[in-house]
Enquirer: 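Please find one structure pasted underneath; my questions will follow.
All chains are named by letter (A, B, ...) in the order of the sequence lines, taking the proteins before the strands, and each is independently numbered beginning at 1.
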Amino acid sequence: MARGENNDSHGSGNVPAAATAAAPASAAGGGKQAGAEGQSVVRRLQSELMALMMGGDPGVSAFPEGDNIFQWVGTIAGSAATAYEGTSYRLSLAFPSDYPYKPPKVRFDTPCFHPNVDAHGNICLDILQDKWSSAYDVRTILLSIQSLLGEPNNDSPLNTQAAALWANQEEFRKMVEKLYKPA
Amino acid sequence: MDDVESELGMVNYVMAALAEEDGDAAEQVAALATLCDVLAVAEDGLSSVFPVSELVAHLPRLVATGEGDVPVFAARAIAEACEGVPPWAKNFARFGAVEALRDRLVAIDDIELAEECLRALDAISQECPVLCLRLGVAAAVLQFFDFFSTSKQKVVLRIVDNVLNDYKAEDAPKAIEAAPALCNLLQSSTDKTILASAVSCLEMVSAGASGSAEHMNMLCELNAVDAMMKLMENNGWKNLSDDTLAGIFGLLTDLASVSARVTESLFEFNIFDLLKQMITYYTLSHRDSNKVQMLVGLIYHLVPPCQNSDHQNQLIIAKKQVIIEQIRYIEQLASILTLIIEVAKSVGLSSICYSCVVFIKNIVKLTTPDFLMELQKTVNLSSFLACLLARKNRHVIFQTLNVSKALLKKHHQFFIEAFIKEGVKHAVDTIQAREKDAKSIHKKKRNNNLQEICLCFDLDSVTSSTHEACRIENMAILKLAEEIKKNFLAKGSTRSPHMFGCVSKSIRYLSAMLNGHATGPPTENQNLCKQSSEFSRQLLSDELPSTSTFELVQSESIKHLAGYLSNGAYFNSNLRNCQDLIGQLMEVQNRLQKFAHLALTVENESSEKPLGILVDKLIDALHTCYDSFPVILDDEQCTRESTMIPLRRSRTEESALLYIKFSRSSGEMGLKDYDDVLPVYLSSTPESIEEDLFPDICIRTDRDSACKETTQEASGSGKSVGFRDGDGHSHRSSKLTLSYKGTKLQPSVPFFEPILRSMHGGQSDIQIDPSFWDKEHKIVYRRRNKSKKISPHSSYHAQLSCMHEKLEMSLLKDPFFSTTLTGKLPGDLDESDPSYNFLFMLKVLEGLNRFPYHLSMCEKICKFAEGYLQDMDGLKVTISPIPRHQFVSNLLTNKLELQMQDILFGDGLIPSWCVYMVENCPFLLSFEARWKYFCLTVHYSFMSGEVSSPSETVKYRVLRSNILEDAESMLNKHGSDTRMIEVEYEEEIGTGRGPTVEFYSTVSHGLQRMGLGMWRGDNTSQEDCEASFVHAPFGLFPQPWTSAKTSSQGISFSDVLQKFKLLGHLVARAILDGRVLGIPLSKAFYKIMLEQELDIYDIPSFDPTLGKAVIEFHALVKRKKFLETSLERTSNLVADLSYKNVRLEDLCLDFTLPGNPEYELVPGGSEKMVTLDTLEEYVSSVADATLNSGISRQIEAFKSGIDEVFDLKTLRMFSEDEMERILCGEQDAWASYKLEDHIDFDHGYDVNSPSVINFLEILREFGRDDQRAFVQFTTGAPQLPLGGLASLHPKLTVVRKQCDGKVDDELPSVNTCRHFIKLPPYSSKEIMRQKLKYALAEGLDSFHLS
């Protein structure tokens, strides 16, 4: 294993990667992942958090959940003039270690009656699957979900009952209200 | 001695007892019983003193007249006697034993007696078959066949076999007597061996009786045909043994050749349907030329021959009558004709081709002009004729000319047009000219007889004993060609100024234009570029489909296209030295991109891709070069069992040797004489022999300097190692020039080839003459001229290989690209050979077809960089390749198969074209043929290292709980063992195949565990801790490890390397021992295994999201570069260079590997941010870490594992998909019977809905590729998690699709989020299958990036 020894000597010359990664991450309060997760992701999420707080988009907001910067809680308000007007939904966002190359896992915490949301809160939205791009961020995700509420994709429904009911907006509104359980 | 004495005494006593005419039965029985005992142990010593004469006199009498148990014992005694001393049988027969036994048998009053009679007759019939036949034994033993047990039935058939073997024609009536019973047997018996022997007996009956039509008619009346057809219907023929099949067809052929009635009843049985199935089977999936020959033989006899020899006249008229009267018979003929034409075109044996052509000729003569014109619409008869006329075989040419003549006679106007278009006329002209030349040469040199094997009598089953002369005289072909020209072609060409001229001209014009434009300065003039691409489009889409292969070749379009794609290098060898290599390279790449786009785009839905059409035509054109690929066969008899290739080969027999006498060239003073005759292996080449030869002939002072030279050369050639031009040999410059009969020998071509070629006077297919092995072949050697040491070519290659290191795109390093760039096929191929053009073009097109994604993406990125494409979402690939099987040449595959069937193939009787094709153009050969080649060559070299019995196995015990470690130590120890490895588990009872098979799949599953650090996707531990296996939806690919660390998260890197070595061992052993692994490796990993380069465009195939981002970044870099260099500098560079409207800095990327922050791409990378200026570095280092430096040590370990077992290079002849097929087997991605357990049905469906039942059936019938496509369609990724459908979460659910319009017009759709498949309730299963297949195919096109 001559090769292995080589690497050892090589490695000692450098600052171990984990040590450098740990410092800023713990400083940011993400202590749990300090060793395992990259500061790149941490840095990115922090900058997104700043942008969200500064941007002041109406009806969407998000914050890290507790100490873990990889786990966020988001809120969307139903847009005016839709069946969801006046409601507010909580969502959970879980970021993978290769974010932003991979999309976060997003689901509704608040039960949501919607053609593209299933009983467990899973969302069927292309930008969260195969149409994901590193250029998207939390803000764009939340805005996309917000607009999805008002403009569902009834062609590939997860909730067929909701899809069938969509045509009748009044009834639909009633169902939304009936199943709406604010946190 | 005492024993013999006492036994003799006993015998004498017995004899006495037997001699009494009416002795006491009980006493006789006792005496006989004693006799039997004595005879049973009779030794040779006894036979000489035995009172034979008495014995043979008494026993038959006792059989005939004895009472009670007497005949039983008498019969047994005869049997014992004849079995012990076979010559006695004749004596018994002389005393009426046969009659006695026969009568007793037929009387059948006692089963025991009957059985004894059988036994006795069995023995006697071996010795005196003729007598037995005349006495009607055959019919007699068959009479009560059903009464006997199976084992006795076999004895019966053995007797019949003995009796009928080679009987004389005058005994035919007696032989026929046995036929009815045999026919009954065919219908009633189910036992395979009984069927086989019954068939072979019947065949013997007919073989003997074939001289007499009367007897044959009798045979026909016995329903033999019915019985045999019943046996074969419903794929029954697949279950029959080879011998039985051969028997049945021999019989049918015999019958059909003499009887019109049989012909009719065969037509009535729709024999051609059956024949079609069988021929398709034996030509495409199980290439077996013997079987095809046999089938074609029968077909020939079903259609009356056209040459009217007198004695058969009536029969022919009768047959004609049969066929002409029924329209459906004619239709049957039409359908088989199409197939036969295919066979004739692609078969590797001239004899089969000849039979096919003769059959076609007969049909042409038999049918009406309308029928033939109709036929020309479905099969291109004329192109077929042109193809055959290009061959050398005189028999084939002669008959093909006959067909042409017959066609012209039938409908002159119609066929003359087709003939001109497809080149038949041209071919006839060529033949005429050639024959004329031959004639004039013939006059000068008398002794020029061609050694072609005569095929004239192949088809006549009734071979006359006298050797008739070949029917094709020396001048026959010339005469025929002249006749055709004079009578038909001359008239035609003047009368109809056919469009050929103008079509050909327009193609020539277009392709020349294309080239003309190309030679002008590229890209300088936008307009010019557009024009030339317009030309190419016109050429490909409008002209190509309506162009005949002949026109394509004749107009030189292929050459022009080759010239265009290679940017002139194809025409001009000087260009290969041009200094502007980079410019040349860019231009060629550019042209390939454009061409790929045009050739793979479909004009409208119904049309085929132009590339597909072009490849078809090229393959067709290649098939006209039949004689460029000669098959060389040793003696006909020793062919290998065709379909079965053993995984292990025993090397017991001696290798074939060739005797060569090396002698010094007369003028050569620098070398000594070589006196001995040197026996060399068949596989020896001038290159390989030089090492042995040179030291013996060089003059001593010479040697030292020679040695020095060698070392110098070795170091000098080291540079070109990086350049892979496909052929494995590095060009060592040799010191000797060898020649045979004045022709210089090529260093890499085995000796046997030029020698045989000159022995057989320029024929293409060669049957080795026995004298070849006995003769000494004289080869002359002299020193090589050293004048041109460094060829310009090699310096060019050195230049190229230097540049390769700098190139990033794998496309540019592929052998196909080098071929295009240099305008020359690798190796020393004869460029004047007619096949060269076609091979070159096919090689280029095949490469292009492998890289459509690369080419197209490159083009799109360029467009984006130059601003023609604004939106990054436009970076999509819309073209898809044509299926690889379109590149397979049936002719070459058949020829290789034929060559491999020769028993000497393993010893090295491999013509050099086979090696060349396998190494450089493997795509022309079918996968099965290459796999066979691999088995025969690699396993052979594997075996040659050590002599061990092939049946031996190594047994090894492993502990199930410690399987990976145990597997490691076992394979380290036995990895390169020549024997099969078998595995047993500690504390488990099972042994043999079962546990071994399970071992391979268990270990390969073990290597997919989470936490081994081997694969991408293994580091997401905190999320799905419950998943214990790595799930790679796009296949497994190694995870990069930074060289800065030796362990991470408790995994030591040296362990990872060991695991990869284990995987290498496992893969190699699985290939060698024919085991199957359950490991879903990615396509990219297979590429690595096949030593292909990877680049940034390969990333999407195993990690689509990362790949997409990296390619988009790459495009951004290109755009930035373009803007910086372009003259009009845009003011707002930064705004133009945002990443989808986001500032690149806002992505907050640093120089660590995505998803693996411990992996720093540059020292201190976690502190270095990615900006517009560092983006290029970032992209290339991410790609490098992912594909190269991060995984190179793992790959090395993996490859070393394989290399320890066999040479990794030998795998290069396979494609990624084929490697997967070899390693993972053909079995299902899911276990069929469990399908319904793992699929839910909802929203209007349940398990019992008719649509669901159909759906499940269709899924079960899917092959591997369809299954893969289905998984891709429904889940969005081609690989299911380990455990298959069962572990899919959420469960696959089939729901009913609500359809507004017509149900059968709808397509199924999916929701990949939830694994829903929405299936319309189609009206039938067939429609559902069609729609599903369509949806799957559409879905696949969008595979790479969506």
Side-chain angles (χ1 to χ4, degrees), chain A residues 1 3-8 10-11 13-18 20-21 24-25 32-33 35-48 51 70 94 96-103 105 116 118 122-126 128-137 140 155-158 160, chain B residues 872-873 1019-1023 1042-1046 1048-1049 1052-1054 1057 1103-1106 1108-1110 1112-1113 1138-1142 1146-1160 1163-1167 1169-1170 1193 1196 1243 1276 1290 1295 1309-1314 1316 1318 1345-1346:
Chain A
M1 281 273 108
R3 185 162 288 278
E5 285 160 20
N6 247 344
N7 292 335
D8 276 343
H10 224 269
N14 291 330
V15 185
T20 45
K32 188 186 147 204
Q33 294 79 23
E37 305 300 344
Q39 59 166 332
S40 159
V41 187
V42 173
R43 205 183 279 132
R44 157 89 180 226
L45 289 173
Q46 280 170 342
S47 113
E48 283 196 29
F70 286 86
S97 61
D98 41 1
Y99 183 78
Y101 285 101
K102 298 272 157 65
K105 290 204 165 86
N116 302 112
D118 75 1
N122 295 310
I123 308 163
C124 192
L125 180 62
D126 56 356
L128 291 178
Q129 321 278 341
D130 47 356
K131 294 282 189 292
W132 170 254
S133 155
S134 324
Y136 296 134
D137 57 14
T140 45
D155 288 339
S156 64
L158 285 179
T160 42
Chain B
M872 230 173 220
D873 292 332
N1019 51 0
T1020 48
S1021 43
Q1022 72 277 16
E1023 280 176 48
T1042 169
S1043 57
K1045 302 198 68 173
T1046 52
S1048 161
Q1049 295 175 18
S1052 131
F1053 186 59
S1054 61
L1057 289 183
D1103 191 340
T1105 41
L1106 177 68
K1108 188 181 167 199
V1110 174
E1112 284 168 352
F1113 289 155
S1138 67
Y1139 176 61
K1140 298 187 174 176
N1141 301 320
V1142 177
D1146 287 350
L1147 294 179
C1148 300
L1149 297 172
D1150 56 26
F1151 271 74
T1152 58
L1153 197 64
N1156 188 353
E1158 289 180 21
Y1159 195 129
E1160 293 192 315
S1166 56
E1167 289 304 317
M1169 296 307 290
V1170 177
R1193 287 165 300 158
E1196 235 169 75
H1243 298 110
V1295 299
S1309 56
V1310 286
N1311 181 333
T1312 50
C1313 294
R1314 311 302 298 149
F1316 269 26
K1318 288 177 236 168
L1345 275 187
S1346 46

Enquirer: Could you report the tightest heavy-atom contact between Tyr1139(B) and Leu1147(B), atom names first, then the distance?
Expert: CD2-CD1, 3.7 Å
Enquirer: Which heavy atom of Val41(A) sits nearest a heavy atom of Tyr99(A), and at what distance?
Expert: CG2-O, 3.5 Å
Enquirer: Among Val1110(B), Val1170(B), Thr1152(B), Asp1103(B), who wins on heavy-atom pairs under 4.5 Å with chain A?
Expert: Asp1103(B)
Enquirer: Counting only heavy atoms closer than 4.5 Å, note whether Asp118(A) contacts chain B via side chain, backbone, both or neither.
Expert: side chain
Enquirer: Tell me the closest heavy-atom pair linking Met1169(B) and Arg43(A), and the distance in Å.
Expert: SD-NH1, 2.8 Å
Enquirer: What pairs with Ser47(A) under side-chain hydrogen bond (donor to acceptor under 3.5 Å, both in side chains), at least two apart in sequence or on another chain?
Expert: none
Enquirer: Below 4.5 Å from any heavy atom of chain B, which atoms of Asp126(A) appear? Answer side chain, backbone, both or neither.
Expert: neither
